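Since the structure comes first, as structure tokens, the remarks are kept for the end.
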2 protein chains.
Amino acid sequence: MSQLSLATKEIKTKNINKYKFMASKKQKTSLDTLRHSLAHVMALALKRLYGDVVYGVGPTTETGFYYDVLIKNLKDNSLSIEELPKIEEEMKKIINEGISFKKSIISLSEAKKLFKKLNQPLKLELLNDLEKYGTTDAEEILKMKESKKKPTKVVKTVSIYQTGDFIDLCRGPHVKNTKELPLSFKLIKVSGAYWRGNEKNQMLQRILGIAFETEKELNDYLNFLEEAKKRDHITLGQKLDLFHIDENIGPGLILWHPKGAMLKRIIENYALDEYLKNGYYLVNTPHIAQYKLWQISGHAGFYRESMFPPIHLNEINPEEKVDYQLKPMNCPFHILIYKNQIRSYKDLPLRYTELGTVYRYERSGTLHGLARVRGFTQDDAHIWCTPQQLDEEINNLIKLSFKILRHFGFDNFEVYLSTRPEKYVGTISNWNKATKALEKALKEEKIEYSIDKGGGAFYGPKIDIKLKDALGRSWQCTTIQVDFNLPQRFEMFYIDQKGKKQQPIMIHRALLGSIERFMAVLIEHYAGDFPFWLAPVQIMVLPVLEKHALYAQNIVKELKSLNYRVDIDLSEETLSKRIRNAELNKIPYILVIGDREMANNTISVRERGKGDLGAYSLDKFISELLQKGK
Amino acid sequence: MSQLSLATKEIKTKNINKYKFMASKKQKTSLDTLRHSLAHVMALALKRLYGDVVYGVGPTTETGFYYDVLIKNLKDNSLSIEELPKIEEEMKKIINEGISFKKSIISLSEAKKLFKKLNQPLKLELLNDLEKYGTTDAEEILKMKESKKKPTKVVKTVSIYQTGDFIDLCRGPHVKNTKELPLSFKLIKVSGAYWRGNEKNQMLQRILGIAFETEKELNDYLNFLEEAKKRDHITLGQKLDLFHIDENIGPGLILWHPKGAMLKRIIENYALDEYLKNGYYLVNTPHIAQYKLWQISGHAGFYRESMFPPIHLNEINPEEKVDYQLKPMNCPFHILIYKNQIRSYKDLPLRYTELGTVYRYERSGTLHGLARVRGFTQDDAHIWCTPQQLDEEINNLIKLSFKILRHFGFDNFEVYLSTRPEKYVGTISNWNKATKALEKALKEEKIEYSIDKGGGAFYGPKIDIKLKDALGRSWQCTTIQVDFNLPQRFEMFYIDQKGKKQQPIMIHRALLGSIERFMAVLIEHYAGDFPFWLAPVQIMVLPVLEKHALYAQNIVKELKSLNYRVDIDLSEETLSKRIRNAELNKIPYILVIGDREMANNTISVRERGKGDLGAYSLDKFISELLQKGK
């Protein structure tokens, strides 16, 4: 590996999903070496094909490798995707040539001379950092600069690897000879990447490859990529006319089109109705609050980087010297509703839920469709209870979570329980009580989980649930967090049986998490083929000719009165074109009405995935729908 | 009247409602003179009672009069409300004394000398302004200062009025003698008021009186005030635990408690479902957008004063030199969804609706409960259609508006149609078409309306509907506006039958207007006694003793499964206390479950306003509920 993989952090952020193609830990070591060696082979191939190349870093990824480079002899220094097969071919040639990887340990000053001679300014920059800070990690360096602390490590020597004409500053390990490398790799993408992941630096080109030990694994993964591409929620979002992101509004902000907004409403109403049935109370709070609220809550301190900057009211009225803050979370609002009355133990557990739209500042480079946005709606809730009630609350919460996630069609989960870290607030007794309650509930539901020891937040233990979608990819959704901190900061209390003030335990939980992100998962999981109860349009009615329109409209009316989401296509397109359109829009049922149907008082039913089901009476059709549920 | 009623603008803003106690135009002249003369009588009474008084202004209001004063001899210069009867008594004495009102015209310099001698600095300030600017109107003066224009009027003389020891700078007219004044007046309020309505100036005390020609009118109005006080939505909002406004969040921002949030959801869902049934499509858009959007829409220009200041993204990331704006309106967002596709005439009329929460900057002094806020949800919609479709669209819109308003229990309206002003955009033919369509639709619905000639916005004609509530007060709610401007600014088009680009006509409409404000109206109209379909809790179940709880919970379950909003009170309070609580919370039905009910498999039903209805089978009760509708 080149001395340090500076850009891997960014890659991880974008690669939101892990998937079944990720190697196990054991496999990883050897695969990593193969992939990393392939990165060097690619670097050599570039040098052979294009001559003057400036190299950045070339680490491995979870499925392959990349190298960030600047190819000087190309127009605009820009490599086009059409060149990739040529590079692959050259790499295969190099593999077959059986070139060895030679490692040398040299002094830092020798290394600097070498890479100066090789005309590699970026490698020189890394060497200078190693000399000055003992590391090339940009964050570590920044911290050192800020704290003015001296580096703890002193680097005197570095290792370099030579493969043919290509020499890299690199820690290794590598294979001994290119002959050991598999041919089961493929270059799949060229994209822009800032040097060291910093927008202020120059833009390099990242050439991304995938590599596996066998041809079969490679092909499986290529098929997976193909399938993932088909299911891509950004592409489907446009095809199915669900949403768009508009340059006049800004990145990470979603404009929901009619079908997307309807889908969102169905999801939100289903979740909210479930919560209301389960003893939650609906609340509703503004999207802004005075900045001082976030100082009380502590967000102004530890969360400031993720918040939009405040609104300075004095910019419109010099008399109003107060700042307002777009909310990144709903918690403080719900707490203020709790605090608006004196609460007794009889009022607990108290559960407030809100479909709260929050705004968080994310760097534009990290935004991704619906999956990573700047504004999103949470199916948020906060529960306050006594220590005695904690067990039952958490039990019910876990039950409800899985019930709801399963209702949406998921039954594969990855569950993480994070326990008390070294620094924490609250009593050990309450931490233990809460952690045990979380564990017990998972066991009762027969859910497998991993323990992230010491991985809890300072304010309490938590459970994170990741969904696995149809392609086996994991998506972080549900989070259940116990909080011993905010009740303290807001001086919350209830009056116990003895008339004394006690601090309630607080639970934050969002089951779907961000509705936007959850919708990304749903779209990709179902490839847009939403189950009947979720489909924004459930039934499309198609009168064959204009004379059938009236009869068709009566069918629409009858189905609408039963609260089905029905549309009618009265356009002048041919019937087959209209059927095709409805199919492209993945509408579960298409009803065709022509002469025969009118004469026999029937409808011709086509079901998605099943095709023509023949003639039905409307009653028979409705009774079939009833079995689908809502 | 004191030379100018500087503070009347503020009074009008707060007095959102006109009511039946407002005098007709004809009556107004004489009543105004009486009321204004009473203000002088009050001023004299204050002088007699407290000696050293600094006088501000003393105009009439729609129901009486006030004077803004500073009484120097009182502790903290502060008059308490307990003093009002004493002042009233003194006023009555003055009236009986038969003191005459003497008018004199004197030169401005004489007046200055006089009021200096009288120790009246505020009157002197007004005289200085008159001398310098020819007016005392603060806004006019500011404009003159900004434009550096010379005053158009030169004031050389002023009129003064003397009543006993009290001399006022005043335009008049007044009665000749205090004997002409009625005794049917009452002082009702003391409040703070900034001198000239400006927060930068000193705070005076406003002593507010009401006055009518007869004792009966006065008493009717006092009763009205009493009734209005009982129905005050701020008081009821607290009593019924619907919402609160929190000093940690900020003025004009509502925290909806469970019952309020539920009421809001019921209203919103009802309205939205109606719109969806009537061919509207739901959309959903963010609460912020880049500032440039508001430059395209024009809001950054003509609406800037009502907008919160922008969020400067570079405050968190110097690389992002872009400003974001909290949305004061939804229109531009909906337009961008329209524009995301090329629209054909076949797609029109296209109707987008959203429950869009918007934020507008209002001076904190003008905020009032739910009726005037800084953040509110609109049941907003935008319709685009061809000129040929305008007639039918408006017709349907007017029908739908009144259907929905009537469903909420209103059947008294004040309707205003505002027509083309001198400055306008769009073609006269389209203006005429739109105005005629609005008029025709009102006539067809047999709605009385007033025409506000030339009162339309520059961008199109409009209809405003005011609701009259149970006390006869009017509340602005519905607005329907044709807009020839935004389609032009956003270069919107559709492809017509001939394949040519045409500009669609745009209609903005909000039927309930601000949901928050509409809820203020509902609360005051019903005095919190919401009809069954709106009640946040419809049925309260009360088991007499613990042993009845299980049976009671089954009743709850059954009613909940039919989607009724049911609560159970399991507290240890006595039955009569729990009945009283449910009644105070204005819950439509109370079901009592004791031994007899369990034995006979019945429930005892109490209906709000009717009392005990006796024993019912659950089935009989449910069939009665079904008749109430939803």
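Within every chain, numbering begins at 1; the chains are lettered A, B, ... in the order of the sequence lines, protein sequences first and strands thereafter. This structure is a prediction, so every number in the text was calculated from the model and none was measured.
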[atom1]-[atom2] distance between [X] and [Y], expressed to the nearest 0.5 angstrom:
X	Y	atom1	atom2	value
B:Thr285	A:Phe243	OG1	CZ	15.0 Å
B:Asn340	A:Asp246	CG	CG	7.0 Å
A:Leu355	B:Arg265	CG	CZ	8.0 Å
A:Gln238	B:Gln341	CD	CD	9.5 Å

Mind ranking [options] by heavy-atom pairs under 4.5 Å with chain A and telling me who comes out on top?
options	answer
B:Lys292, B:Glu305, B:His334, B:His287	B:His287
B:Arg374, B:Lys560, B:Gln325	B:Arg374
B:Ile254, B:Leu293, B:Leu336, B:Ile296	B:Leu336

Less than 4.5 Å to any heavy atom of chain B: does that hold for the side chain of [X], its backbone, both, or neither?
X	result
A:Asn248	both
A:Leu570	neither
A:Asp567	side chain
A:Arg304	backbone

Side chain B:Tyr324, main chain A:Gly250, donor-acceptor under 3.5 Å: no
Check the surroundings of atom CD in B:Glu491: do more than 12 heavy atoms from other residues, nucleotides or ligands lie under 6.0 Å from it?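 Atom CD in B:Glu491 is not packed in, count stays at 12 or less.
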Mark yes when over 12 heavy atoms from residues, nucleotides or ligands other than B:Lys200 sit less than 6.0 Å from its NZ; otherwise mark no.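 Counting neighbours around NZ of B:Lys200, 12 or fewer heavy atoms of other residues, nucleotides or ligands fall under 6.0 Å, so no.
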B:Thr377 meets the side chain to side chain donor-acceptor pair (under 3.5 Å) criterion, sequence neighbours left out, with B:Lys264, B:Thr357
Under 4.5 Å, heavy atom to heavy atom, which residues of residues 255-263 of chain B contact chain A?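 The list, in residue order, reads B:Leu255, B:Trp256, B:His257, B:Pro258, B:Ala261, B:Met262.
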With a strict 4.5 Å heavy-atom criterion, list every residue of residues 271-282 of chain B that contacts chain A, or say none.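 Only B:Leu272, B:Asp273, B:Leu276, B:Tyr281, B:Leu282 of residues 271-282 of chain B have a heavy atom under 4.5 Å from chain A.
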Exercise answer: donor-acceptor pairs, residues 307-317 of chain B side-chain atoms, under 3.5 Å, sequence neighbours excluded:
{"from": "B:His312", "atom 1": "ND1", "to": "B:Asp323", "atom 2": "OD1", "distance (Å)": "3.0"}
{"from": "B:His312", "atom 1": "ND1", "to": "B:Asp323", "atom 2": "OD2", "distance (Å)": "3.3"}
{"from": "B:His312", "atom 1": "NE2", "to": "A:Glu315", "atom 2": "OE1", "distance (Å)": "3.1"}
{"from": "B:His312", "atom 1": "NE2", "to": "A:Glu315", "atom 2": "OE2", "distance (Å)": "2.9"}
{"from": "B:Glu315", "atom 1": "OE1", "to": "A:His312", "atom 2": "NE2", "distance (Å)": "3.1"}
{"from": "B:Glu315", "atom 1": "OE2", "to": "A:His312", "atom 2": "NE2", "distance (Å)": "2.9"}
{"from": "B:Asn317", "atom 1": "OD1", "to": "B:Glu319", "atom 2": "N", "distance (Å)": "3.0"}
{"from": "B:Asn317", "atom 1": "ND2", "to": "A:Tyr361", "atom 2": "OH", "distance (Å)": "3.0"}

Turns out that what part of B:Tyr352 lies under 4.5 Å from chain A's heavy atoms comes down to side chain
Part of B:Tyr359 lying under 4.5 Å from any heavy atom of chain A: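 Side chain of B:Tyr359 only, per the 4.5 Å heavy-atom cut-off to chain A.
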Looking at A:Ile249 and B:Pro286, what are the two nearest heavy atoms and their distance?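 Minimum heavy-atom separation between A:Ile249 and B:Pro286: CG2-CG, 4.1 Å.
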Hey, does A:Glu320 have a side-chain heavy atom less than 4.5 Å from the side chain of B:Pro251? no
